[in-house]
Novice: 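Mind having a look at this structure? Questions to follow.
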Amino acid sequence: MKTHNKDKYFSENLISWFKKNKRNLPWRRFVTHKNYPYRVLVSEFMLQQTTVSTVIPYFNNFLKIWPTIKTLSKAKIDDVLVQWQGLGYYSRARNLLKTAEIIMLKHKGNIPRNENELRSLPGIGEYASAAIRSIAFNKKAVAVDGNVKRVIARFYGLTGTLDENKKKIDEIANRICPNKSNRDYTQAIMEIGAVICKPKKINCNVCCISQKCTAYNKKLVHSIPEPKVKVKKRKLNCISFISIFNDRFVLLKKRSSEGILSNQWELPSTGWKAESIKFSRKETPFPNAHWKRTAINFNHSFSHMDIQNTVYFSRNNNKYVARNSFNLEWVNVDKLSDYAVTTMSKKTLKKFNLIPI
DNA sequence: AAATCGGGGAG
DNA sequence: CTCCCAGATTT
């Protein structure tokens, strides 16, 4: 494959920019330590569809509890979910634990450097495999994330959405990937997307490759890429039930092991329904208790649905759970941090002043 | 190819 | 409010 002059300008300027600035770049600063491959592995799971600033506290906390692949491999999934709560995309937590177990069992605790072995691990796809190979092991591997797609689309002037240009972007990304300094190059192209060539507030004035950037020269930086076609969100309704015993215990229910937010704890509820829901005491955990509608009524938004959550409250005199006691548990409010609680229920409990944060 | 899977921060 | 983030997996 013929190397274009523009390609060489792109990779060489990026690497040089990265070397000069890497100490001040956010990702580099938080992940660079000893035990590097493990840290890269964990960070690549956490960073999927999640910004660096969101990840950093979770990452630091996670590494404090499970500093090595070996310690993580012996963890319980419920404990991992507790640490992951609030971060979203919880299958990542399940897959990270499974991956750690497999690496201990089949790879003697060494994180694989081989593409096929990495790809076979749960939760590691095309991007993460390449990111780990290049960043952790300095191998030539082409990691194409959202940043890379945007930077390439602009620099090469690819009009349209990133999805429409997927094939073209992959071709270019492979063509321009340098044969050396791959660890620096992979971080450079992602970092420039994260701090310079951002979706908005683009800093072309300090960009090291703007001179040959097609979007910049054609004044298209704000129209490339075109926004992706958005999916219509489902609107769902939910009534949640706060039951308090002895001013100390709140009734929680563990969600099923299947589907969204699986195995997490939440306030008992009617479930999420498309139709509007009328309060019925028969649906509550205590049909004979005195239920009162609270002022708590808020929207909780997911990427593909909106939940309108209304909250009812009752105080209970005993711990007897009359209905559907399967997976129900009275939890001391001081012990809530031991449970992986859904963000919607945490928001509810916070609005009810049961938990500080 | 399209849907699922979360939540937060920026603007 | 809208958009999008160091994506992977299932349908």
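Below, chains carry the letters A, B, ... as their sequence lines are ordered, and counting in each starts from 1. Being a predicted model, the structure only gives us computed values, none of them experimental.
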Novice: Looking only at side-chain atoms of A/Pro199, point me to the closest of B/dC5, C/dC4, B/dG7.
Specialist: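 So the side chain of A/Pro199 is nearest to C/dC4.
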Novice: Scan A/Gly86 against the nucleic acid and name what it touches under 4.0 Å (heavy atoms): base, sugar-phosphate only, or nothing.
Specialist: sugar-phosphate
Novice: What nucleotide, of C/dC3, C/dA8, B/dG8, holds the atom closest to the side chain of A/Lys230?
Specialist: C/dC3
Novice: B/dA3, B/dC5, B/dG11: which one has an atom nearest the side-chain heavy atoms of A/Val231?
Specialist: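 The nucleotide sitting nearest to the side chain is B/dA3.
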Novice: A/Trp291 vs A/Phe279 aromatic rings, parallel, tilted or perpendicular, using cut-offs 30° and 60°?
Specialist: tilted
Novice: At 4.0 Å (heavy atoms only), tell me whether A/Phe302 reaches a base, stays on the sugar-phosphate, or touches nothing.
Specialist: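 If one applies the 4.0 Å heavy-atom cut-off, A/Phe302 turns out to touch the sugar-phosphate alone, with no base involved.
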Novice: Which one, B/dG7, C/dA8, B/dC5, comes nearest to the side chain of A/Tyr89?
Specialist: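 Out of B/dG7, C/dA8, B/dC5, the nucleotide with an atom closest to A/Tyr89's side chain is B/dC5.
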Novice: Taking the six-membered ring where the residue is Trp, are the ring centres of A/Trp272 and A/Phe302 under 6.0 Å apart?
Specialist: yes
Novice: Looking only at N and O atoms, is any donor in the side chain of A/Ser303 or the base of B/dG6 less than 3.5 Å from an acceptor on the other one?
Specialist: yes
Novice: Are A/Asp145 and A/Asn147 close enough that a side-chain donor and a side-chain acceptor fall under 3.5 Å?
Specialist: yes
Novice: What contact category does A/Leu87 fall into here, base, sugar-phosphate, or nothing, at under 4.0 angstrom with non-hydrogen atoms?
Specialist: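 Base, at least one base atom sits under 4.0 Å.
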Novice: Can you confirm whether A/Glu275 is buried at CD, in the sense that more than 12 heavy atoms of other residues, nucleotides or ligands lie under 6.0 Å from that atom?
Specialist: yes
Novice: Counting any heavy atom closer than 4.0 Å, what does A/Lys201 reach on the DNA or RNA strands: base, sugar-phosphate only, or nothing?
Specialist: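 Answer is sugar-phosphate: A/Lys201 comes under 4.0 Å of backbone atoms only.
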Novice: Taking the side chain of A/Lys200 as its heavy atoms from C-beta onward, which of C/dT9, C/dG7, B/dG11 lies nearest to it?
Specialist: B/dG11
Novice: Any base atoms under 4.0 Å from A/Ala128, or only sugar-phosphate, or nothing? Heavy atoms, all strands.
Specialist: sugar-phosphate
Novice: Indicate the ring-plane relationship of A/Tyr339 and A/Trp265, choosing parallel, tilted or perpendicular according to the 30° and 60° boundaries.
Specialist: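 Aromatic pair A/Tyr339/A/Trp265 classed perpendicular.
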Novice: Among the candidates B/dG7, C/dC3, B/dG9, find the nucleotide nearest to the side-chain atoms of A/Tyr90.
Specialist: B/dG7
Novice: If you check every side-chain atom of A/Pro227, which of C/dG7, B/dG8, C/dC4 has the closest atom?
Specialist: C/dC4
Novice: Classify the side chain of A/Thr50 versus the base of B/dG6 as yes if they form a donor-acceptor pair under 3.5 Å and no if they do not.
Specialist: yes
